[in-house]
Amino acid sequence: MMSSQAAYAAACGNDASGFQAWVENFKQQAPSKGIPPQVVQRAFAEVQYNRATIRADRGQKSFKLSFEEFMKKRGGQAIISRGKSMKASNASLFSAIERRYGVPAGPLLAIWGMETGFGSFLGDQHTLSAVTTLAYDCRRSAFFTEQLYAALQLVARGDLSTSARGAAHGEIGQTQFLPLNVIRYGADGDGDGHIDMVRSRADALASTANFLVGHGWRAGAGYQPGQPNFVAIQGWNAATVYQQAIAYIGAQIDGR
């Protein structure tokens, strides 16, 4: 019987056929990465191969649109209009975030609006199933295996429910953080000792500001294309049209 970690290695797959075997092997490895065995068992109790996640992963077409088409498809003008009212009704929160991180309300509201309609729809896919499916799937197995370990850390510390639902790639909460980004940039914006990206808009928005700082945001600098803080917006999403939309919507909300 092999005793090395290689004994537990399981091959990735491009359909559901090898999923359960992969999961069982992963569950054997996870405790050696610091995940308590009881957390592993609890986290995987509801996990299934998620075909909706695979369909979404293979069909990301909106990022190929022109800026004008993208803005129309994503409801850019409605996000600007609602964003202005959300900025006014949450003025103290956005002021506190800008004092702490140097990030103004506009780009945060642009991200919040585009990702979840200001928290109105966080996604309907079982988060742990989505992340596990992508960890098993061969296309980006290494990247999402890292995300899966991060998700298990969040479960262990009480910041992610094992029944949580979110976006198709396992993004969590009001601004749609991948699990590893919650670990790296999650911020307790409401001071309750937890980072709740789902129920706390303060946590979600403070975490988003912290993410931008972690990607090069400098207080007081501009964030339009060609300006210093656009690089931080580029860190949020790899699609050029998405980056342009964040910058444009943010400027309209901020009145810049």
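Side-chain atoms are counted along with the backbone in the values below, which use heavy atoms only and exclude waters and symmetry mates.
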Short question: side chain of [X], backbone of [Y] - any donor-acceptor pair under 3.5 Å?
| X | Y | answer |
| --- | --- | --- |
| D203 | G189 | yes |
| S200 | M197 | no |
| E115 | W112 | no |
| N50 | S129 | no |
| Q224 | A247 | yes |
| D254 | G106 | yes |
| Q252 | I80 | no |
| W22 | G13 | no |
| N229 | A232 | no |
| Q174 | A204 | no |

Do [X] and [Y] come within less than 4.5 Å of each other through their side chains, counting heavy atoms only?
| X | Y | result |
| --- | --- | --- |
| V241 | L65 | no |
| V40 | F26 | no |
| I183 | R157 | yes |
| Y101 | V213 | yes |
| I111 | M114 | no |
| T162 | V47 | no |
| Q77 | K72 | no |

Classify the ring geometry of F19 against Y136: parallel below 30°, tilted from 30° to 60°, perpendicular beyond 60°.
perpendicular

Can you say whether the rings of F67 and Y248 are parallel (under 30°), tilted (30 to 60°) or perpendicular (over 60°)?
perpendicular

Under a plain distance cut-off of 3.5 Å, with no hydrogens placed, do [Y] and [X] share a side-chain donor-acceptor pair?
| X | Y | value |
| --- | --- | --- |
| Q29 | S32 | no |
| T133 | T53 | no |
| N90 | R201 | yes |
| H169 | D57 | yes |

Working to the nearest 0.5 Å, report the span between [atom1] of [X] and [atom2] of [Y].
| X | Y | atom1 | atom2 | result |
| --- | --- | --- | --- | --- |
| I195 | F177 | CD1 | CZ | 9.5 Å |
| T208 | L108 | OG1 | CG | 6.5 Å |
| D137 | D15 | CG | CG | 9.5 Å |
| R199 | L122 | CZ | CG | 11.0 Å |
| S92 | I97 | OG | CD1 | 9.5 Å |
| S161 | D196 | OG | CG | 10.0 Å |

Who passes side-chain hydrogen bond (donor to acceptor under 3.5 Å, both in side chains) against N210, sequence neighbours left out?
none

Over all atoms of both residues, closest heavy-atom pair of [X] and [Y]:
| X | Y | value |
| --- | --- | --- |
| Y149 | A30 | CE2-CA, 3.9 Å |
| A130 | A168 | CB-O, 3.4 Å |
| M86 | F94 | O-CE1, 4.0 Å |
| A251 | Y223 | N-OH, 3.0 Å |

Assess the residue pair F211 and W236 against the criterion (ring pair (Phe, Tyr, Trp, His ring centres under 6.0 Å)); give the C-alpha distance rounded to whole Å, side-chain angles, the decisive distance to 0.1 Å, and a yes or no.
CA-CA 8 Å; F211 177 99; W236 181 263; 5.1 Å; yes

Tell me if the centroids of the rings in F70 and Y242 come within less than 6.0 Å of each other.
yes

List the residues meeting ring-ring contact (aromatic ring centres under 6.0 Å, His included) with F144, not counting sequence neighbours, and say none if there are none.
none

Verdict with supporting geometry, L128 and E46, side-chain contact (heavy atoms from CB on, under 4.5 Å)
CA-CA 8 Å; L128 289 169; E46 301 173 48; over 6 Å; no

With side-chain contact (heavy atoms from CB on, under 4.5 Å) as the test, would you mind laying out the steps for V198 and I172 before giving the verdict?
CA-CA 7 Å; V198 175; I172 297 166; 4.3 Å; yes

Check the pair L178 / R184 against side-chain contact (heavy atoms from CB on, under 4.5 Å), numbers first and verdict last.
CA-CA 10 Å; L178 284 169; R184 288 174 173 165; over 6 Å; no

Quick check on Q243: does its CD atom have over 12 non-hydrogen neighbours (other residues, nucleotides or ligands) under 6.0 Å away?
yes

Start with the C-alpha distance between S66 and E69, add both sets of side-chain angles, then the distance that settles side-chain hydrogen bond (donor to acceptor under 3.5 Å, both in side chains), and finish with yes or no.
CA-CA 5 Å; S66 70; E69 290 168 337; 3.3 Å; yes

One pair to check against side-chain contact (heavy atoms from CB on, under 4.5 Å): Q153 and I35. What are the steps and the verdict?
CA-CA 7 Å; Q153 288 180 56; I35 309 297; 4.0 Å; yes

